[in-house]
Amino acid sequence: SACIVPWDLQANSPNTKSTILTLKTLVIKPHATDPGKAVVTTLEMNRLGGMPKWALNLLMTVTAPGMMRGMEQRYIKKIRESKTEKTVDLTPGGRANRPKGAVIW
């Protein structure tokens, strides 16, 4: 289970002024009859109310994956540079950034 809340680092509190996400919960549990599957239940509260379906689809299929890749790369860099005992880098050795134009699926 996980809960995602936008966070304001300077105020060290939830960011109530987030323009998109307000709250997201996620639960992953084993499938009742197939051990090779899992059931994912998610609930998200956002502020995308009047966005047309085509625009939301574009946001989710094009924009979000690029943003996630950028956040992942910044997170990995920060962990590697932190040199603290509180974090452990579990990134496989030899992992490299994807070459420009690589197919993402």
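Just so it is clear, the model here is predicted, and its values are computed rather than measured.
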**T42 side-chain N/O to T25 backbone N/O, donor-acceptor pair under 3.5 Å** =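 Pair found, side chain donor or acceptor close to backbone of T25.
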**Request:** Identify the residue among K78, K77, M71 that makes a side chain to side chain contact (heavy atoms under 4.5 Å, CB included) with R74.
**Result:** M71
**Fill in**
Rounded to the nearest 0.5 angstrom, the CG-NZ distance for N15 and K17 is 8.0 Å
**Distance (rounded to the nearest 0.5 Å) between L43 CG and L23 CG** =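 It is 6.5 Å, given to the nearest 0.5 Å.
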**Residue pairs involving residues 27-38 (criterion side-chain hydrogen bond (donor to acceptor under 3.5 Å, both in side chains); sequence neighbours excluded)** =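 Checked against side-chain hydrogen bond (donor to acceptor under 3.5 Å, both in side chains) - neighbours excluded - the pairs reaching residues 27-38 are H31-T33.
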**Item:** Contact summary for V27 and S1, nearest pair of heavy atoms
**Value:** CG2-OG, 3.8 Å
Report, one line per pair, each donor and acceptor closer than 3.5 Å where one atom sits in a side chain of residues 54-66; sequence neighbours left out.
residue	atom	partner	partner atom	Å
T61	OG1	N57	O	2.8

